[in-house]
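We count residues from 1, following the sequence as given.
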Amino acid sequence: PIEATTSSALRGAQLADQYRSAIMLLGARRIEEARSEFQRVFDSDPSSELADNALFWIGETYYTAGDWVNAIHYYRRVSQEYGSQNKAPDAVYKMAMAFAKTGDLILARKTFQEVIERYPYSTPAASAKAELERIKY
């Protein structure tokens with residue numbers, strides 16, 4: 001049992017290192033490398049505490065690149081597969097932003113509303129309210 005705990009803790013530390021490395025790559029604007037590293041973090045353990053974060057950041061790499069379709073795909077996965085985790089409110093908000101970028105303001109408004117309803121006390125909900133005011137037309 002002690003060996004299992006140690007190897008699990010070691011694996012967690014390795015995942016955290018990989019995750020930090022991916023964040024640094026993203027900060028250095030090395031988007032494809034960051035995306036690959038986040039994918040490795042996710043693939044290593046889809047049930048880890050970092051899984052929702054890794055998927056969210058994969059979405060961010062696509063958003064940064066202007067690939068709204070893939071960004072939406074990853075944000076939706078975070079929302080559906082990790083809806084109670086810390087990155088879910090951000091993912092739904094960014095999904096709405098991506099819909100707005102594609103010109104689909106109806107879906108953007110609906111998704112901003114979803115952020116407000118599902119995560120009413122979150123920072124993304126406050127941002128969603130502001131965006132709804134901005135895109136009233």
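Contacts classified as salt bridge (Lys or Arg N to Asp or Glu O under 4.0 Å) and involving residues 34-61 (residues at least two apart or in different chains) are given here: E37-R40, E60-K94. A side chain to side chain donor-acceptor pair (under 3.5 Å) check over residues 82-92, counting only residues at least two apart or in different chains, returns nothing. Within the structure, every pair that satisfies the salt bridge (Lys or Arg N to Asp or Glu O under 4.0 Å) test and touches residues 65-77, not counting sequence neighbours, is listed here: R77-E81.
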Enumerate donor-acceptor pairs with a distance under 3.5 Å from any side-chain N or O in residues 24-34 to protein atoms, sequence neighbours excluded.
unit_1, atom_1, unit_2, atom_2, d
R30, NE, E33, OE1, 3.4
R30, NE, E33, OE2, 3.0
R30, NH2, E33, OE1, 2.6

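The shortest non-hydrogen separation linking A125 to P120 is CB-O, 3.7 Å. Looking at every heavy atom in both residues, A108 comes nearest to I135 through CB-CD1, 4.4 Å. Across all non-hydrogen atoms, the minimal contact from R118 to S79 is NH1-OG, 2.8 Å. Minimum interatomic distance between P46 and A51 (heavy atoms only, all atoms of both residues): O-CB, 3.2 Å. I116 and A128 make their closest contact through CG1-CB, 3.9 Å (heavy atoms, listed as atom of the first residue, atom of the second, distance).
Applying the ring-ring contact (aromatic ring centres under 6.0 Å, His included) criterion to Y93, with sequence neighbours excluded, gives F112. With sequence neighbours excluded, no residue forms a side-chain hydrogen bond (donor to acceptor under 3.5 Å, both in side chains) with T64. Partners of K101 according to the side chain to side chain contact (heavy atoms under 4.5 Å, CB included) rule, which considers only residues two or more places apart in sequence or in another chain, are Y63, W68. Remark: E117 pairs with Q113 by the side chain to side chain contact (heavy atoms under 4.5 Å, CB included) rule, at least two apart or across chains. Contacts of Q18 classified as side-chain hydrogen bond (donor to acceptor under 3.5 Å, both in side chains), with partners at least two apart in sequence or in another chain: none. Annotation: side-chain hydrogen bond (donor to acceptor under 3.5 Å, both in side chains) contacts of R20 (sequence neighbours excluded): D17. With sequence neighbours left out, T111 forms a side-chain hydrogen bond (donor to acceptor under 3.5 Å, both in side chains) with no residue at all.
Distance check: Q39 CD to I58 CD1 gives 4.0 Å after rounding to the nearest 0.5 Å.
When each of Y74, F56, Y19 is checked for a ring pair (Phe, Tyr, Trp, His ring centres under 6.0 Å) with F38, only Y19 meets the rule. For the side chain to side chain contact (heavy atoms under 4.5 Å, CB included) criterion with Y62, the lone passing option out of N70, I72, V69 is N70.
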